[in-house]
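Structure record follows, encoded as structure tokens.
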Amino acid sequence: MRYVLLIISFIFFTSQSFCASWYVRPIPYGLGNGTSYLNSWGGFGKIRWGTGGVRAGDTLYICGTHIYGKDFNYGQNTIKASGNSKSQITIDGGYSKDKGVIYSARKIKSTGAWIKTNKIYKIKWNYRADFAFESNSLSDEKLLHIAKNITECSKLPGSIYWDSINRFLYLHPYTYLKNTYTDWGGSEDTGFALDVNGQSYITIKNLVLRGGSLNDGVISLVKDTRQYMRKIVIDHNDIGFGAYTGIYWAGYQNMDGLTIKFNKIHHVPTGTYWISIHDKLVNNITITNNELWSGEDIDGIYPATAADRHALGGQFSNNVVISYNNIHDWAGDGIHGWRGGLPNETTNNWTISYNRFSNLNDTNNLYYHRAISLGGANSRTFGDGCVNWKIVSNVIDNCGEGNPEGGGIGIRVKGVMPTNKSFGLPPFISNNEISNCFNSFRLVYVNGSPNEAWTVRNNTSRNLRPGGSHFYIEPSVKSADLSGIIMYNNIYLP
């Protein structure tokens with residue numbers, strides 16, 4: 001027995017001894033070899049990955065504030081090693097002495113170079129600005145409106161305008177001149193604040209991440225690469241001020257195991273977006289205990305090409321749990337799932353429960369505002385790839401009307417009976433509380449499907465917007481078999 005204990009102790013000791021802590025700061029310190037805070041690597045480009053550096057089981061502490069163009073260049077903020085099934089690589093911004101912050105947007109470096117004319121400032125600037133924000137500190141950040149011309153900029157506090165002909169950037173601050181960051185999607189884009197680069201078994205936690213141009217996301221998990229990703233954990237981060245998406249995934253291979261928990265995702269038009277290309281899938285996703293808000297909701301804040309505008313969701317994914325999230329002040333949809341047109345582009349086994357939605361609105365009612373939405377490409381077999389949706393115990397309040405054909409809705413689903421009952425069940429909607437919406441529930445017709453279906457029970461709907469309805473079943477549904485529509489024990493209040 002003594003030898004068994006010695007062997008177990010040796011294995012435990014040696015496995016622990018292989019786990020190292022590494023440190024990176026904006027500039028090198030001491031020996032600059034990353035082995036301690038006082039001997040930290042200087043900038044992301046100096047990090048050593050794999051043998052002799054960061055590998056499975058290790059923790060990389062990102063310390064201090066790293067700014068694109070000053071402390072790192074495009075692609076240097078990229079993870080270049082994977083953990084394994086027993087040991088994650090942890091990227092941690094929570095070192096007690098020096099918290100980690102990454103800005104991937106372009107900072108206008110010199111406040112002294114600004115020329116003031118009346119209320120607005122101008123500066124020579126060669127980089128297009130489709131998105132901008134000001135940030136003197138993490139407690140003093142605001143999005144800037146993208147003005148259409150100099151005249152509009154001069155009239156609107158908190159706006160910016162880029163003169164592409166004369167290469168001047170014009171700024172009308174909210175109050176006084178602050179640090180200003182700009183971004184756009186094109187050949188000069190700054191990319192992401194952190195790129196996972198298709199690696200597996202990675203944990204990202206305790207970081208403050210800002211900026212993210214094009215559609216790469218503030219955090220980019222993978223972009224058009226062919227790795228089979230496994231077990232990514234994104235935990236307790238502050239993710240914000242990106243032109244398109246907070247957390248983005250798009251790849252040519254399957255992904256298995258994504259956990260997004262206890263983050264703040266804000267001041268982005270889309271919180272999460274995942275899509276698999278060439279018939280692949282993203283499976284086993286857990287999104288829980290996050291807070292999301294998109295910030296200012298006036299037209300012109302985000303690029304016009306930022307089209308999705310939902311807080312949480314994506315395409316072609318199975319075994320998804322979205323629970324205990326707080327989505328508020330969002331200029332678009334809350335949670336959105338999309339089923340593709342091909343047989344294997346499925347969106348099965350989603351559970352959406354115990355989430356809170358409030359104030360899904362934008363000032364000019366330009367976008368859809370649906371707290372929970374299940375959609376997809378129309379087909380006769382739509383229901384075969386959209387089974388076992390459970391929408392349970394959510395609280396929804398105040399969805400702005402937006403587009404009258406699809407806005408202002410608490411729960412909107414394309415509900416269809418599978419062609420074979422052994423595949424699973426149509427959407428099950430229970431114990432939700434919905435108020436101040438145009439339609440509390442809306443069943444959407446699936447063109448070509450003969451069997452519309454859902455089960456709606458024990459829900460409460462109240463305080464409809466003028467002209468609205470507790471339940472709305474699209475007129476074209478009447479031509480289908482309605483025997484799969486089951487509704488009972490629901491409460492409707494004025």
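Basis for what follows: all heavy atoms, side chains included, without hydrogens, waters or symmetry-related copies. Quick caveat, the model's predicted, so the values are computed rather than measured. Residue indices begin at 1 and follow the sequence shown.
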Original post:
So, Asn398 and Arg465: side-chain donor and acceptor under 3.5 Å apart, yes or no?
Top reply: yes
Original post:
With no hydrogens and no angle check, do the side chains of His336 and Ser373 hold a donor and an acceptor under 3.5 Å apart?
Top reply: yes
Original post:
Would you find more than 12 non-hydrogen atoms of other residues, nucleotides or ligands less than 6.0 Å from Lys99 atom NZ?
Top reply: yes
Subject >> Under 3.5 Å donor-acceptor, Asp308 side chain and Tyr273 backbone >> reply: no
Original post:
Can you tell which of Trp41, Phe72, Phe44 makes a ring pair (Phe, Tyr, Trp, His ring centres under 6.0 Å) with His66?
Top reply: Phe44
**OP:** Please name the pair of heavy atoms, one in Asn348 and one in Val387, separated by the smallest distance, quoted to 0.1 Å.
**Re:** OD1-N, 2.9 Å
Subject >> Side chains of Thr78 and Asn197, donor plus acceptor under 3.5 Å >> reply: no
Subject >> For the student: nearest non-hydrogen atoms of Cys437 and Gly408, plus distance >> reply: CB-O, 3.4 Å
Subject >> Under 3.5 Å: donor-acceptor pair, side chain of Asp92, backbone of Thr59 >> reply: no
Original post:
Heavy atoms, side chains only, cut-off 4.5 Å: are Ile352 and Trp389 in contact?
Top reply: yes
Original post:
Are the side chain of Ser393 and the backbone N or O of Asn432 linked by a donor-acceptor pair below 3.5 Å?
Top reply: no
Original post:
Hey, are Glu291 and His266 close enough side-chain-wise for a donor-acceptor pair under 3.5 Å?
Top reply: no
Subject >> CA sep, side-chain torsions, deciding dist, call: Asn436, Asp397, side chain to side chain donor-acceptor pair (under 3.5 Å) >> reply: CA-CA 6 Å; Asn436 295 303; Asp397 180 61; 2.7 Å; yes
Subject >> Derivation of the side-chain contact (heavy atoms from CB on, under 4.5 Å) call for Ile434 and Arg462 >> reply: CA-CA 6 Å; Ile434 303 177; Arg462 59 166 63 90; over 6 Å; no
**OP:** Find out whether Leu138 and Asp238 are in side-chain contact, i.e. whether some heavy atom of one side chain is under 4.5 Å from a heavy atom of the other.
**Re:** no
Subject >> Residue pair Asn237 / Asn263, side-chain donor-acceptor N/O under 3.5 Å >> reply: yes
**OP:** Would you mind reporting whether Leu464 and His470 have side-chain heavy atoms less than 4.5 Å apart?
**Re:** yes
Subject >> Distance (rounded to the nearest 0.5 Å) between Arg412 CZ and Ile391 CD1 >> reply: 11.5 Å
**OP:** Taking all heavy atoms of Asn290 and all of Phe262, pick out the closest pair and write down the distance.
**Re:** OD1-N, 3.2 Å
Original post:
Quick one: does Thr180's side chain have a donor or acceptor within less than 3.5 Å of a partner on Lys178's backbone?
Top reply: yes
Subject >> Working for side-chain contact (heavy atoms from CB on, under 4.5 Å), residues Phe133 and His267 >> reply: CA-CA 10 Å; Phe133 62 97; His267 295 93; over 6 Å; no
Original post:
Among Asn394, Thr288, Asn355, whose side-chain hydrogen bond (donor to acceptor under 3.5 Å, both in side chains) with Asn325 holds?
Top reply: Asn355
**OP:** Spell out, as yes or no, whether a donor-acceptor pair under 3.5 Å connects the side chain of Asp98 to the backbone of Gly64.
**Re:** yes
Original post:
Thr259 side chain to Ile285 main-chain N or O, any donor-acceptor pair under 3.5 Å?
Top reply: no
**OP:** Flag yes if more than 12 heavy atoms outside Phe471 fall under 6.0 Å of its CZ atom; otherwise flag no.
**Re:** yes
**OP:** Find the distance between CD1 (Ile89) and CH2 (Trp22) and round it off to the nearest 0.5 Å.
**Re:** 11.5 Å
Original post:
Taking atom types as modelled, is there a side-chain donor on Asn179 or Ser135 under 3.5 Å from an acceptor on the other?
Top reply: no
Original post:
Going through the distances and angles, do Ile62 and Ile91 end up as a side-chain contact (heavy atoms from CB on, under 4.5 Å)?
Top reply: CA-CA 7 Å; Ile62 295 178; Ile91 312 298; 3.5 Å; yes
**OP:** Identify the heavy atoms of Gly334 and Leu360 that sit nearest to each other, and give their distance.
**Re:** N-CD2, 3.5 Å
**OP:** Check whether any side-chain N or O of Asp58 sits under 3.5 Å from a backbone N or O of Ser21 as a donor-acceptor pair, and report yes or no.
**Re:** no
Subject >> Nearest-0.5 Å distance that lies between atom OG1 in Thr272 and atom CH2 in Trp249 >> reply: 13.0 Å
Original post:
Is it true that a side-chain atom of Lys414 and a backbone atom of Gly376 form a donor plus acceptor pair closer than 3.5 Å?
Top reply: yes
Subject >> Rounded distance [0.5 Å steps], CG in Leu312 versus CD1 in Ile260 >> reply: 7.5 Å
**OP:** Look only at the side chain of Asn439 and the backbone of Ile409, and say whether a donor-acceptor pair between them is shorter than 3.5 Å.
**Re:** no
**OP:** Could you tell me whether the side chain of Asp362 reaches within less than 4.5 Å of the side chain of His369, counting heavy atoms only?
**Re:** yes
**OP:** Verify side-chain contact (heavy atoms from CB on, under 4.5 Å) between Phe316 and Arg339, making sure each step is shown before the conclusion.
**Re:** CA-CA 6 Å; Phe316 322 150; Arg339 189 249 200 269; over 6 Å; no
Subject >> Ser435 versus Asn463, side-chain donor and acceptor atoms under 3.5 Å >> reply: no
Subject >> Side-chain heavy atoms of Ile322 within contact of Val320, under 4.5 Å >> reply: yes
**OP:** Mind checking the CD1-CD1 spacing from Ile79 to Ile204? Nearest 0.5 Å is all I need.
**Re:** 4.5 Å
Original post:
Of all heavy-atom pairs between Trp350 and Ser317, which one has the smallest distance, and what is that distance?
Top reply: NE1-O, 2.9 Å
Subject >> 4.5 Å side-chain heavy-atom contact, Trp454 and Phe428 >> reply: no
Subject >> Close side-chain approach of Lys231 to Gln88, heavy-atom, < 4.5 Å >> reply: yes
**OP:** Look up atom OG1 in Thr460 and atom CG in Asn458, then write down how far apart they are to the nearest 0.5 Å.
**Re:** 8.5 Å
**OP:** Compute the centroid of each ring, for Phe241 and then for Tyr181, and state whether the two points are separated by less than 6.0 Å.
**Re:** no
Subject >> Any donor-acceptor pair under 3.5 Å from Asn283 side chain to Asn319 backbone >> reply: no
Subject >> Validation row: Leu221, Leu258 side chains within 4.5 angstrom (heavy atoms) >> reply: yes
Subject >> Minimum heavy-atom distance between Ser430 and Asn459, given as atom pair plus value >> reply: C-OD1, 3.3 Å
